Amino acid sequence: MPTKTNDPNKKTWLPVPRNSDFPIQNIPFGVFLTRDDIITIGTRIGDYAIDLGALHQLGYFEGIPLTDDIFLQDTLNDFISDGKKTWRSVRNRIGEIFDVGNQALQHNEDHKKIVLFSMEEVEMKLPVQIGDYTDFYSSKEHATNVGSMFRDPENALLPNWLHLPVAYHGRSSTIVPSGTPVRRPLGQTYPKGADTPVFGPSKLVDFELEMAFITTDANVLGEPIPIEEAEDYIFGLVLFNDWSARDIQKWEYVPLGPFLAKNFVSSISPWIVTLDALEPFRLQSPEQDPEPLPYLRQRGNHSFDITLEVDLTPDKGTPTTVTRSNFKYMYWTMAQQMAHHTVNGCKVNSGDMMGSGTISGPSPDSYGSLLELAWQGTKPVKLKDGSERRFIEDNDTVTLRGYCQKEGIRIGFGEVSTRLLPALDYKGK
C-alpha cells in the first residue's frame with residue numbers, strides 16, 4: 001500500500017501556518033485531553049488537534065478493520081499493536097479526509113465541532129505506556145568526545161564500540177511529556193579532592209539531545225528480528241531529552257553503568273512522527289569501518305535527514321540556541337539497534353522506546369550536550385543575556401526541536417520543552 005499522504009503537492013482545507021511542523025504530509029499520532037476533559041487519541045494538522053475517536057464514531061474510517069474503541073483509549077499501544085498495514089491505512093484515510101478536494105467533513109459544521117480542537121484547547125499526554133526503555137550510545141562523535149575527556153584521546157572509543165550498538169536499559173516510569181518540570185536530582189557524588197563521597201543535589205545537570213523510536217510487538221521470546229525486517233516494527237520517532245547528572249554518574253557508573261544519574265527523568269515530545277512520514281527524507285548513514293558482523297550489515301538508505309536544535313532559556317530570560325545538529329550523524333541505525341537488541345531473543349513489545357543516545361555532529365557547534373559544548377566546564381557557553389553556562393542552572397528551560405525539509409515541505413516533531421526546578425530540601429533523615 002503506497003503512502004499517498006507524502007505527495008508534496010497535497011493541500012488541506014485546514015489553515016496551516018507557513019513553516020508549520022504539521023502539514024497534511026505529516027499526520028503524527030498522539031494522546032490529548034480535550035476541552036470536555038475526555039482523553040482521546042488524535043493527530044494534528046497545522047494548529048488543530050483532531051479527535052480520531054470522534055472521527056471513527058462518525059464513520060470516517062469505514063472499510064478499515066478497526067475495533068470500535070481503538071481510538072477511545074489513553075495510550076496508542078493497542079493501535080500500534082495492529083501493525084504497519086493499519087497505521088498506513090489510517091494515515092492515508094486522514095490525508096483523504098482533510099484533502100482540500102474532499103468536502104465530506106469540510107462542509108459538515110456539526111461534525112467539525114466534534115472533531116476539531118485548537119491546540120490551546122487540549123493538553124498533550126504521554127502518547128504510549130512505555131513498558132521498557134533502552135538507551136543506545138550510537139553517535140561516534142559523542143562517544144569520541146566523552147572518551148577523549150575521561151580516557152586517552154588516542155583511544156577514545158572502547159574496543160567494542162565499532163562492532164556493536166552499545167546500550168543500557170533505563171527506567172520507563174520517569175519518562176514524561178514536554179512541559180513537565182524536572183527537579184534537580186539528589187545523590188552521591190565524589191568531589192575532586194574529597195576523601196569520602198557526599199550526598200546532596202547534583203551540581204552538573206545536563207541535557208542530552210536525542211531521538212527515540214517507538215516499537216510495535218515485534219517478536220516472540222527467543223526469536224531475533226532480522227535486520228531486513230527491523231524497520232517494519234518501528235512505529236515512529238519522538239524528540240528525546242535524556243537528562244543526565246554528570247557528577248552522580250561519574251561516581252556511580254563503574255562497574256555497571258548509569259543508574260541514579262539517568263533515571264530521575266527523561267522528556268519526550270508528545271507527537272509521534274511515523275516512519276512513513278519521514279520516508280522522503282531518507283539518506284545513507286555514515287560509512288562503517290570495520291564492516292559489521294553479518295547480522296548487522298545493511299545496504300541502502302537507513303538514516304534520516306532531521307535537523308535538530310536546542311535552546312537554553314534562563315528564568316524570565318530570552319532563549320539562546322546553543323547547538324544545531326542532525327540525526328544523520330548517527331553511526332548505528334535504528335534497524336541495527338533493533339537487530340542487535342533482539343539477536344539474543346529479547347522480546348520487544350508495543351510501546352517500547354529506544355533512545356538514540358546523545359547526537360553530536362562533527363563541529364563544536366553541533367555537539368549534543370553541555371558536557372561537550374562547554375568541554376567539561378572549561379569553555380563556558382555564552383547566552384544572549386551575557387551570562388554563561390557550564391551546566392544547567394535552576395529554573396533554566398531546555399527546549400529541543402527537530403524537523404525535516406525538502407521540496408518545500410517541512411515535517412517536524414514540535415518541541416520538548418522542560419524547566420529544571422531546584423532540588424528538594426532532603427537530608428535523608
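In this text the structure is predicted, and so the values were computed from the model without any measurement.
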**OP:** Scan side-chain atoms only and decide if Ser285 and Ser303 contain a donor-acceptor pair under the 3.5 Å cut-off.
**Re:** no
Subject >> Flag for Thr144-Glu141: side-chain donor and acceptor within less than 3.5 Å >> reply: no
**OP:** Would you check if there is a donor-acceptor pair between the side chains of Asn263 and Thr174 at a distance under 3.5 Å?
**Re:** no
Original post:
Would a line drawn from the ring center of Trp13 to the ring center of Phe98 be shorter than 6.0 Å?
Top reply: yes
**OP:** With Arg93 as the cation and Phe61 as the aromatic partner, state whether NZ or CZ is under 6.0 Å from the six-membered ring centre and within 45° of the axis.
**Re:** no
**OP:** List the steps and the verdict of side-chain contact (heavy atoms from CB on, under 4.5 Å) for Ser269 and Val238.
**Re:** CA-CA 6 Å; Ser269 53; Val238 294; 3.6 Å; yes
Subject >> Close side-chain approach of Gln288 to Gln336, heavy-atom, < 4.5 Å >> reply: yes
**OP:** Check the pair Phe71 / Phe79 against ring-ring contact (aromatic ring centres under 6.0 Å, His included), numbers first and verdict last.
**Re:** CA-CA 8 Å; Phe71 298 125; Phe79 175 64; 5.4 Å; yes
Subject >> Min side-chain heavy-atom separation Thr189-Lys203 under 4.5 Å >> reply: no
Subject >> Thr134 and His169: CA distance, side-chain angles, deciding distance, side chain to side chain donor-acceptor pair (under 3.5 Å) verdict >> reply: CA-CA 4 Å; Thr134 301; His169 292 292; 3.2 Å; yes
**OP:** For Glu287, enumerate each residue passing the side-chain hydrogen bond (donor to acceptor under 3.5 Å, both in side chains) test, keeping only those at least two apart in sequence or located in another chain.
**Re:** none
Original post:
side chain to side chain donor-acceptor pair (under 3.5 Å) with Ser267: which of Asp242, Thr418, Thr180, Asn241?
Top reply: Thr418
**OP:** Taking atom types as modelled, find out whether Thr274 and Asp276 have a side-chain donor-acceptor pair closer than 3.5 angstrom.
**Re:** no
Original post:
Do the ring planes of Phe29 and Phe235 sit parallel (below 30°), tilted (30 to 60°) or perpendicular (above 60°)?
Top reply: tilted
**OP:** Over 60° means perpendicular and under 30° means parallel, so classify the ring planes of Trp375 and Tyr367, tilted if in between.
**Re:** tilted
